[in-house]
Amino acid sequence: MSLLCDLQINLNREFTFFVNQDVILEYSGLLRKMIKQSNKKKRNHKNSRITIEIPDFPGGSDGFDLVSRFCYSNGGGISINVSNVSILYCSSVFFEMTEKLCSSNLVLQTEKFLEGMFYWSWNDVILCLKSCEQVFLHADSYGLVDKLVFGVLGKIAQNSDIGHVFTSSSPSSSASASASSQSDSDKRSTSRSFSCRASNEWWFDDMSILGPKIIEKLIKNLGAYDNNNNSLVLTRFLLHYLKTNLQNKSNNKLEYSGLADTAVKGVIFAAKTAFSCRKIFWVLRVLSGFSISKESRIGLERVIGEMLDQATLDDLLIPAGGKREKGFYDVDLVIRLLKVFVRVCNTEEDQNLRMRRIGKLIDKYLREISPDQNLKVSKFLEVGESLPDSARDWFDGLYRAIDIYLESHPDLSSEDRTKLCRCLNYKKLTLETCKQLAKNPKIPPNIAVQALKSQQLSNETPPHSREDKIKVNKMRNSRKYLEEKPILVHFKGFEISDKFEDDLRMNLERNKQWNQVMDSSEKVCKEKKSELVSRLVRHGHTHSSSNFPRLC
């Protein structure tokens with residue numbers, strides 16, 4: 001090895017470079033200090049070579065290669081561009097390549113290049129920010145990340161109608177002001193041609209290629225990180241960004257937890273005006289893939305629970321994460337949401353409509369999840385009993401869910417079958433459903449007897465409230481009720497013999513259909529009327545038929 005390479009540099013405990021001291025020390029203040037402080041006993045006396053350890057050089061071997069070429073070419077030999085300026089800037093600052101050592105040193109050249117950032121194209125700014133990820137810690141500590149973030153914000157404000165989004169943060173305001181101070185010709189030369197320029201979301205896809213640390217820095221510079229997020233545009237961007245990166249399995253999801261919490265805070269802030277119930281369910285599904293805080297999860301569930309009656313069955317069918325032994329669907333989540341909904345509804349005056357709507361939804365949900373072999377009886381009951389009886393006009397839907405569950409779990413003990421039926425209100429079963437329950441071999445006999453007895457008592461008990469009376473009257477006026485109840489026909493003006501009355505009763509018992517009963521009674525009336533007319537004529541009465549007593 002030639003003695004011209006009299007300096008050995010061990011870089012990041014991975015790479016070794018042999019360089020000439022005089023060439024490198026002409027540009028690097030740090031290496032000058034390190035060589036002066038080095039112990040002369042460490043010299044290799046055979047070739048008088050000095051060894052220096054540099055454990056945390058930014059950019060690794062690529063960065064050192066660029067710096068050494070700059071030194072060996074007397075301040076030239078490399079082309080500074082948007083792809084390498086981040087590495088060159090961090091490397092030059094790390095090596096203290098300042099003007100004190102020589103004019104037009106590398107720090108000065110990279111700074112001059114970065115000063116033209118606001119004249120770059122949108123793609124150039126994004127590409128430069130992307131390259132910062134290789135040297136993020138150094139770029140952040142040297143202020144380079146902040147400079148590039150301000151450049152991005154300036155481009156967004158310049159090409160969008162959302163300048164007001166940035167007014168809450170002074171750094172972004174200055175960036176926006178710098179961008180707006182450009183002349184019209186500068187703007188034409190630096191503006192990107194956007195196909196959806198009028199939209200506030202044209203930049204979402206381009207920014208989604210950046211790492212979470214860069215995005216976190218951008219949100220912090222806007223003063224909207226975590227609890228301070230009240231911007232709908234930023235919230236939508238974060239949701240888009242997190243959804244895009246959720247599919248990448250190589251990403252460390254813990255790095256995205258802060259951004260996920262920030263997105264949750266924005267959703268909670270604008271939930272009632274900007275997000276539907278289905279959209280918030282989608283948010284919950286997406287953010288469940290990241291490690292959001294317990295506080296954020298509770299807040300998101302509270303928002304969903306308050307508008308749960310607007311949900312659909314598909315919204316509730318959220319797959320359970322983790323082990324399948326707990327069930328295919330996340331039933332615990334639905335139980336928590338129902339508790340929130342019931343608590344909110346209990347404080348409202350007009351809650352009947354919302355309660356009935358959620359009652360129908362939960363009955364559908366139970367019928368859907370009942371075939372799950374891992375669904376425990378206790379979980380089924382917890383969902384079924386989460387709503388008050390007022391949420392269901394009839395319990396027929398809940399009975400059908402129980403029937404499906406019993407069909408799908410044939411090995412249940414008699415005790416579990418009995419326990420499963422405790423969520424039913426037998427008095428609110430229709431007569432037809434109650435008959436089905438009594439004939440169902442999967443239902444324990446004591447339950448069937450109890451249901452029939454409750455049904456009988458409910459029919460005999462007179463209604464108390466005005467609403468109950470209206471329901472009973474409607475039911476009694478229905479065709480089904482008239483067909484099932486016997487009708488007694490009374491005649492005005494004469495007495496019916498016991499034999500005739502017995503015959504009529506037998507006839508009514510045989511024929512329960514209303515039309516047949518009416519036909520029979522009408523025929524009897526005509527016969528009796530003719531018989532009465534004959535009697536009156538024989539006794540000399542000549543009154544008109546209009547004076548005869550009315551029959552029926």
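Being a predicted model, the structure only gives us computed values, none of them experimental. One-based numbering along the sequence shown. Heavy-atom basis, side chains included; hydrogens, waters and symmetry copies ignored.
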Checklist entry - Under the side-chain contact (heavy atoms from CB on, under 4.5 Å) criterion, do Asn252 and Glu255 qualify, and how do the steps go? => result CA-CA 6 Å; Asn252 182 6; Glu255 294 181 352; 3.9 Å; yes
Checklist outcome for this item: With sequence neighbours left out, the residues meeting side-chain hydrogen bond (donor to acceptor under 3.5 Å, both in side chains) with Asn229 are Thr235
Checklist entry - So is Arg278 actually on top of Phe281's ring, under 6.0 Å and inside 45° of the axis? => result no
Checklist entry - Are any side-chain N or O atoms of Ser296 and backbone N or O atoms of Ile292, one a donor and one an acceptor, separated by less than 3.5 Å? => result no
Checklist outcome for this item: Smallest heavy-atom separation, Val152 atom then Trp122 atom, equals O-CZ3, 3.9 Å
Checklist entry - Which pair of non-hydrogen atoms, one from Leu210 and one from Ile126, has the smallest distance, and what is that distance? => result CD2-O, 3.9 Å
Next on the checklist: If only side-chain N and O atoms count, and only distance matters, is there a donor-acceptor pair under 3.5 Å linking His240 with Asp205?
Outcome noted: yes
Checklist entry - Can you tell which of Asp315, Ile304, Val264 makes a side-chain contact (heavy atoms from CB on, under 4.5 Å) with Leu284? => result Ile304
Checklist entry - Would one find more than 12 heavy atoms of other residues, nucleotides or ligands at under 6.0 Å from atom CD of Glu295? => result no
Checklist entry - Under the 3.5 angstrom rule, does the side chain of Gln373 hit a backbone N or O of Ser408 as a donor-acceptor pair? => result yes
Checklist entry - Going through the checks in order, is the salt bridge (Lys or Arg N to Asp or Glu O under 4.0 Å) test met by Asp332 and Lys379? => result CA-CA 8 Å; Asp332 290 330; Lys379 291 299 177 184; 2.7 Å; yes
Under 3.5 Å, side-chain donor or acceptor atoms of residues 439-448 against the rest of the protein: list the pairs with distances, not counting sequence neighbours.
from	atom 1	to	atom 2	distance (Å)
Asn440	OD1	Lys442	N	3.0
Asn440	OD1	Lys442	NZ	3.3
Asn440	ND2	Tyr399	OH	3.0
Asn440	ND2	Asp403	OD1	2.9
Lys442	NZ	Asp403	OD1	3.4
Lys442	NZ	Glu407	OE1	3.1

Checklist entry - Just by modelled atom types, is the Asp146 backbone N or O under 3.5 Å from a matching donor or acceptor in the Lys217 side chain? => result no
Next on the checklist: When you measure from the side chain of Arg392 to the backbone of Lys360, do you find a donor-acceptor pair of N or O atoms at a distance under 3.5 Å?
Outcome noted: no
Item to check | Salt-bridge contact Asp393-Arg356 (side-chain N to carboxylate O under 4.0 Å) | outcome: yes
Next on the checklist: Is it true that Asp226 and Thr262 share a donor-acceptor pair across their side chains at a distance under 3.5 Å?
Outcome noted: no
Next on the checklist: Please determine whether ring pair (Phe, Tyr, Trp, His ring centres under 6.0 Å) holds for the pair Phe204 and Tyr241, giving the CA-CA distance in whole Å, both sets of side-chain angles, and the decisive distance to 0.1 Å.
Outcome noted: CA-CA 7 Å; Phe204 284 14; Tyr241 177 79; over 10 Å; no
Checklist entry - Does the ring of Tyr225 carry Lys220 above it, NZ/CZ under 6.0 angstrom from centre and within 45° of its axis? => result yes
Checklist entry - Would you find more than 12 non-hydrogen atoms of other residues, nucleotides or ligands less than 6.0 Å from Lys428 atom NZ? => result yes
Checklist entry - So Phe290 and Tyr256, would you call those rings parallel, tilted or perpendicular, with 30° and 60° as cut-offs? => result tilted
